[in-house]
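First the structure, in the form of structure tokens, and then the observations on it.
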Amino acid sequence: MDLPSLYSKLGKNSWKILDAIFRNLWNYKYVPLNVISNLANINEEKTRRILRALADDGIVVNKQTEYEGATLTFSGLSLFSLHLLVESGQVEAIGKKMGEGKESLVYNCISKQGEAVIKFHKLGYQSFKKVVEKRDYGNLNFLVLSIRSAKREFSALRKLKGLAVPEAYSWEGNAVLMQLIDADEMIKVKLENPEEILDAIIDEMAKFYRRGIVHGDLSPFNILVNEDGFWVIDFPQSLEVGEANWREILLRDLENLLRYFKRTYRIERDMNSVFQRIIGDSGS
Ligand SMILES: Nc1ncnc2c1ncn2[C@@H]1O[C@H](COP(=O)(O)OP(=O)(O)O)[C@@H](O)[C@H]1O
Ligand SMILES: [Mg+2]
């Protein structure tokens, strides 16, 4: 079932129970039944019954061995994050699914600011391993990692406000609420003025750098274009200038970009001089 239908199906007690689990994601892999029941202020028998119904809808996973407990699924986490956005008045209605990436689910919505999108971050086992190798997140579970990923994206977009990125409106759980960009992924488009666009993207990378941000996953999939211009999206892998390996990662972003323009439009640029152009003459 999709998020909007699940959302409208849940009653007040279900939300209380999801709230109790959400608050304890950082403390337990499976939140014990008695902890949920206490926090939600619903007796254990009734809590158990509601948890079973939530499990039938794929919103929670119940565990019976050792002790009774429950955790959220990706849908459960997304639903609850959406609930927080709705409760805080940020989102008025959720619309259609716009896309499903390997690490996200993107929905159309009506927000306080008008039409917008919600990106639900989803770190599966694959990327979980990758992230753990790259950054020391210990043995945190994929729910906590998805929340961190959303937080990282939100904070990068906030720092880049006013530049060629979607404006970020809000963040709750694994959900980032942001400006809807009505444009296509660059990979799907034949640019009429590739030389000009490439220069503009390089200039934008320099502006990101001056605000202390390196994208970390720059590719023609993560640049949206239309007649009015381009927008860079997808910032959960971003890092701050000064963080470990920022130089290598900025170089890799640049390499990906230049390789694409070379392969697709036969435009050749010298890596090192473009890199210098991005980081300025200071060299640091
Ligand atoms: N602000 C936005 N406006 C319009 N479409 C978006 C927006 N953000 C993401 N999308 C769409 O959703 C897809 C996946 O989003 P992205 O941020 O790249 O996540 P992923 O990590 O899954 O690649 C994008 O390729 C794009 O088509
Ligand atoms: Mg992407």
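We use all heavy atoms of the structure for the numbers below, so side chains are in, but hydrogens, waters and symmetry mates are not. Order of appearance sets the numbers: ligands from 1, and atoms from 1 within every ligand.
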Kindly confirm whether the Mg ion (ligand 2) is within less than 2.8 Å of some N/O/S atom in E103? no

Counting heavy atoms only, which of E185, E115, Q179 comes nearest to atom 25 (O) of ligand 1? E185

Return the residue, atom name and 0.1 Å-rounded distance of the protein heavy atom closest to atom 12 (O) of ligand 1. V106 CG2, 3.5 Å

Pair E167 + K161, salt bridge at N-O below 4.0 Å: yes

Can you confirm whether R211 is buried at CZ, in the sense that more than 12 heavy atoms of other residues, nucleotides or ligands lie under 6.0 Å from that atom? yes

Distance under 4.0 Å to a non-hydrogen atom of E103: what atoms of ligand 1 satisfy this? 21 (O), 22 (O)

Considering only the protein, which heavy-atom contact is closest to atom 17 (O) of ligand 1, and what is its distance? K119 NZ, 2.7 Å

Please verify the inter-ring angle class for H83 with F80; under 30° counts as parallel, over 60° as perpendicular, anything in between as tilted. tilted

Treating N38 as the side-chain partner and N41 as the backbone partner, does any N or O pair qualify as donor plus acceptor under 3.5 Å? no

For the pair E255 and R252, find out whether any cationic side-chain nitrogen is under 4.0 Å from an anionic carboxylate oxygen. no

At under 4.0 Å between heavy atoms, which part of E100 makes contact with ligand 1: side chain, backbone, both or neither? neither

Option with minimal heavy-atom separation from atom 4 (C) of ligand 1, where the choices are V232, D217, I118, I181: I181

Does S104 put an N, O or S atom under 2.8 Å from the Mg ion (ligand 2)? no

